[in-house]
Amino acid sequence: MNIASVIVDVQAKSINQTFDYLIPERYVDILTTGMRVIVPFGPRKITGFVVGLKDNSEFDKLKEIIEVLDIEPVLTEELLELGKWVADDTLTMYITAYQAMLPQVLKAQYKKELVRNTDERLPEDLEFLFAGRDYISFEEFEQSSIPYSKLQKAIQETAISINYLVKSKITKKYVTFVEPNKEIYLIEESLMDLPQNATKQRELLGYFIKHPNPIEQGKLLKLTNTTRSTIKTLIEKGLLREYKQEVYRNPYDENAFERTYPLTLTEQQERAILPIKEKIEKQEHDVFLVHGVTGSGKTEIYLQAIQEVLEKGKEAIVLVPEISLTPQMVKRFKGRFGDKVAVMHSALSNGEKYDEWRKIQSKEVSVVVGARSAIFAPFENIGIIIIDEEHETTYKQEDQPRYHARDVAIKRGQYHQCPVVLGSATPTLESFARAQKGVYTLATLDKRTNEKEMPEVSIVDMREELHSGNRSMFSQVLKESIEQTIARGEQIVLLLNRRGYSTFVMCRDCGHVKECPHCDIALTYHKRNNQLKCHYCSYEEPMPNVCPECSSDSIRYFGTGTQRVEESLSQLMPHVRVIRMDVDTTRKKGAHEKLLKQFANKEADILLGTQMIAKGLDFGNVTLVGVLTADSMLHLPDFRSSEKTFQLLTQVSGRAGRHELPGQVIIQTYTPEHYSIQLSSQYDYKQFFLQEMHIRRKFRYPPYVFLALITVSHPNHVRAIQFTQRIVHYLSKVVQEETTTVLGPTPSPVTRVKDRYRYQCMIKYKNEPDLRRNIKKIINLYEEEMRKENLLITVDMQPYHLM
Ligand code: ADP
Ligand code: ZN
Ligand code: ZN
């Protein structure tokens, strides 16, 4: 077969088709689907993915592939199909979906080099090409006449590997190892032959007589206090030998994880895991919703289900929200499965991510624990997919392709005929409704494994505090409880519900608020460098000394950032030690872990932070949890705001009294009567579900209907409205009148961003099999306007951010 069908990297809506290219003779043997190639496209050279091979094309005068970027495919057949599905489902381009499935390093074209991994002779022509060197550039190989198939074979036999050079930083790391080159008794004889004054050589040989295993050169030098030249001398004498080995940049030190063993499951856990194991056994797909209160042992269920899967020689994908990829979480998986676990999260460098991905691709690991994109792990024999904290919105990608990891998980679960397990203490209404209907299989864990009651929650009405003259952000009862807790030598977690709050700058005299000149939004004050920043477009300006409107010098920043809380805390209780955790203090790599470690070591009394502290943390000494402003999220223009509030309050309450000591939770709020606050304080998920479903039904929101959001943006205000109007008009005519509503044009909550005006069309529907096709039609219809007048139309088929 000498023709390849290629999906090319061209960002135009109508180009979602494959193009045929001739495969040059030298690539015919090695080219397979799932490899990346460089092809001519008009006057340009662009990258593309090979999705099919064939003998004939309906087109003639085909152009040739210029270069093949991979020697082994980067996407499996399954992932190629999955990418198409993701693209169709989210209305994006195939190429965008494929790129989202791969680590960053593989999204660009990097220089490559070939690395020799062995001392054994390579095939003659390759041996000749390397000419005694350990590395050669890939170009050198290309210029030679050696067939690609020969290189491919050497790579498959691991004699040679390919290295991508990312910004001159080598993506793979090699370490030199040294080991004895002869039997130990021969080494002993040589040692006796050495002159007494050859102390360094004697020491080295002496070391290997005691430890005849390979050792890293660097470590060897330290241990024996010798030098590289001594090693070289002994290599020349034929007593030692050295070789290079690829090492992965390991962000987690394997030895740091204490090995753990399966616990005897409680009755509830046993009941929950049984049907999951059954599906693993029968190799059948099903979706399970494990609804378990915090501390009910969900993670232990995941671990034991995975063990079952590994024993069958299969693989497991575990998704956790980005912010709960804490060392504590990683430790639980590494502790049970050791170096079989790859970890994927955004704090890794591109090189580290690539290393982890390669471990998965080469099947060196069989478990991946990662954030959203780990759902695309290139495993080929998946036995279980687990999504922990399934209600987290980080599972939805807010960029193209706008996919939800849960949908992709179920798709892969169907392909591999394996169970998908969703776990949460506060499932999304969508998932719980499906479980109630029997679409998912529900397992309920309502007891903590230690039989401890959930901590007592008290609600404090901050309006009454204000009336009684307390203007601080701490109620009397919270302040007293903090003091008592510290006096007992116990610790406190304080949560500032930051969403909906920001530190904006306002003039106290005229009320002027500093806004971004390009976006309809107040600038945020950053104390660190005394700057005002726009969170939408990164615009920045210095904090003014006087009001630009009235020249008053009473211009101040407002709002309750964590910094402000910290300040007022230290005024109120000067002796208290506080660790503050927010985006500012955790920006540096490793800062997050360091702060948590300090808190675990009891170097502080209070851990103060935003949402990021609400999850996954497990500190035995924390007995008080305080929520400073429970309702700040309730008033956002988002139909999920009650659900999110309920979830957050439940999560954070679970942080108290995890172990022996009983816990206490204090929630401060201005709307104590709100059902999401009342019911979360009683841990009554069921009642919350019923009440919230009632509202969703009344106002027609998911899970009663599906939503689609089309956002139109244009530099010209009137044009933006006009285009949205036309879309609304067009869709209204083609949808099913009785069950579908097309709303708009509505200004987006932030109407202007980066000098562009944004309007929305929202579609609420129950059954619209043609909706995607119709939206695609619209997009194609406006292709010219998009190019000529900078019109932008984005579509979100499952919006979570309605902004
Ligand atoms: P969840 O994930 O539901 O919050 P975890 O799996 O973290 O719950 O379990 C809470 C605590 O209970 C952990 O410290 C865990 O080690 C412990 N645990 C879990 N299962 C058992 C069990 N069967 N027996 C004893 N302890 C358990
Ligand atoms: Zn801006
Ligand atoms: Zn002013």
Side-chain angles (χ1 to χ4, degrees), residues 258-274 289-307 318-321 324 326 328-333 335-336 369 386-392 421-427 443-452 454-455 502 504 513-524 526 531-541 614-622 647 650-661 663 683 685 713 748 750-758 803:
E258 207 174 304
R259 178 82 206 190
T260 68
Y261 298 93
L263 302 166
T264 310
L265 296 181
T266 64
E267 213 181 289
Q268 284 199 332
Q269 284 173 316
E270 200 64 70
R271 229 179 299 134
I273 201 171
L274 211 66
L289 177 63
V290 179
H291 175 213
V293 296
T294 40
S296 61
K298 294 186 291 296
T299 313
E300 184 64 29
I301 295 177
Y302 307 154
L303 291 168
Q304 298 199 16
I306 293 171
Q307 183 161 353
V318 185
L319 298 188
V320 298
S324 38
T326 54
Q328 291 191 10
M329 194 67 181
V330 172
K331 194 167 129 193
R332 297 190 66 177
F333 286 86
R336 194 65 58 90
V369 180
I386 292 162
I387 304 185
D388 190 29
E389 312 278 9
E390 71 95 29
H391 60 275
E392 278 295 318
V421 179
L422 314 174
S424 176
T426 51
T444 310
L445 303 162
D446 55 12
K447 288 201 196 82
R448 286 181 153 185
T449 53
N450 57 7
E451 303 275 328
K452 287 259 148 57
M454 296 299 286
S502 64
F504 60 98
V513 173
K514 262 313 246 178
E515 287 191 349
C516 173
H518 311 286
C519 312
D520 266 346
I521 191 138
L523 292 168
T524 302
H526 285 250
Q531 289 272 326
L532 297 176
K533 270 189 199 160
C534 172
H535 278 193
Y536 281 84
C537 73
S538 307
Y539 168 85
E540 233 179 288
E541 66 176 47
K615 296 174 189 93
L617 305 185
D618 189 1
F619 297 111
N621 198 38
V622 171
Q647 286 163 350
T650 309
Q651 287 289 341
V652 73
S653 302
R655 298 304 117 214
R658 302 265 299 177
H659 298 263
E660 294 312 309
L661 303 165
Y683 302 98
Y685 177 82
S713 95
S748 297
V750 182
T751 311
R752 194 172 52 125
V753 173
K754 297 185 200 174
D755 290 319
R756 302 176 64 92
Y757 293 86
R758 311 192 319 154
M803 322 282 213

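Whatever order the structure lists them in is the order used to number ligands and atoms, beginning at 1.
Of all protein N, O or S atoms, those under 2.8 Å from the Zn ion (ligand 2) number 4.
Judged by distance alone, with hydrogens and angles left aside, the side-chain atoms of Gln269 form no donor-acceptor pair with the main-chain N or O of Glu300 at under 3.5 Å. A donor-acceptor contact shorter than 3.5 Å links the side chain of Lys298 to the backbone of Gly292. Counting only distance, with no hydrogens or angles, the side chain of Arg758 and the backbone of Ser748 share no donor-acceptor pair below 3.5 Å. His518 places no side-chain N or O within 3.5 Å of a backbone atom of Val753 that could act as its donor or acceptor partner.
Ion pairing between a basic and an acidic side chain is recognised when a charged N comes within 4.0 Å of a carboxylate O; Arg271 and Glu267 show such pairing.
Contacts between Arg448 and ligand 1, counted as non-hydrogen atom pairs separated by less than 4.0 Å, are absent for every part of the residue. When non-hydrogen atoms are compared, ligand 1 lies under 4.0 Å from the backbone of Thr299 as well as from its side chain. Under 4.0 Å from ligand 1, not a single heavy atom of Ile301 appears. At a heavy-atom distance under 4.0 Å, only backbone atoms of Thr264 (N, CA, C or O) approach ligand 1. Residue-level proximity to ligand 1 for Lys452 is absent, since no heavy atom of it falls below 4.0 angstrom.
Looking at Thr294 next to ligand 1, no N or O pair under 3.5 Å apart turns up. Of the polar atoms of Gly295, at least one N or O is found under 3.5 Å from an N or O of ligand 1, judged by distance alone.
The distance from the CD atom of Glu540 to the CG atom of Leu532 is 9.0 Å, given to the nearest 0.5 Å. Leu523 contributes atom CG, which lies 8.0 Å from atom CD of Glu515 (distance to the nearest 0.5 angstrom).
Remark: Lys754 NZ is loosely packed, at most 12 non-hydrogen atoms of other residues, nucleotides or ligands lying under 6.0 Å away.
The ligand atoms of ligand 1 that sit less than 4.0 angstrom from a heavy atom of Val293 are 3 (O).
Comparing Pro262, Gly297, Ser296 against atom 9 (O) of ligand 1, the shortest heavy-atom distance belongs to Gly297. The option with the heavy atom closest to atom 15 (C) of ligand 1, from among Glu300, Glu389, Arg332, is Arg332.
Between the side chains of Thr260 and Arg336, at least one donor N or O sits under 3.5 Å from an acceptor N or O.
In plain terms, the two heavy atoms of Arg752 and Cys516 that are nearest each other are NH2-O, 4.0 Å.
With Ser424 as the fixed residue, the side chain to side chain donor-acceptor pair (under 3.5 Å) test singles out one of Glu390, Gln647, Gln651, His391: His391.
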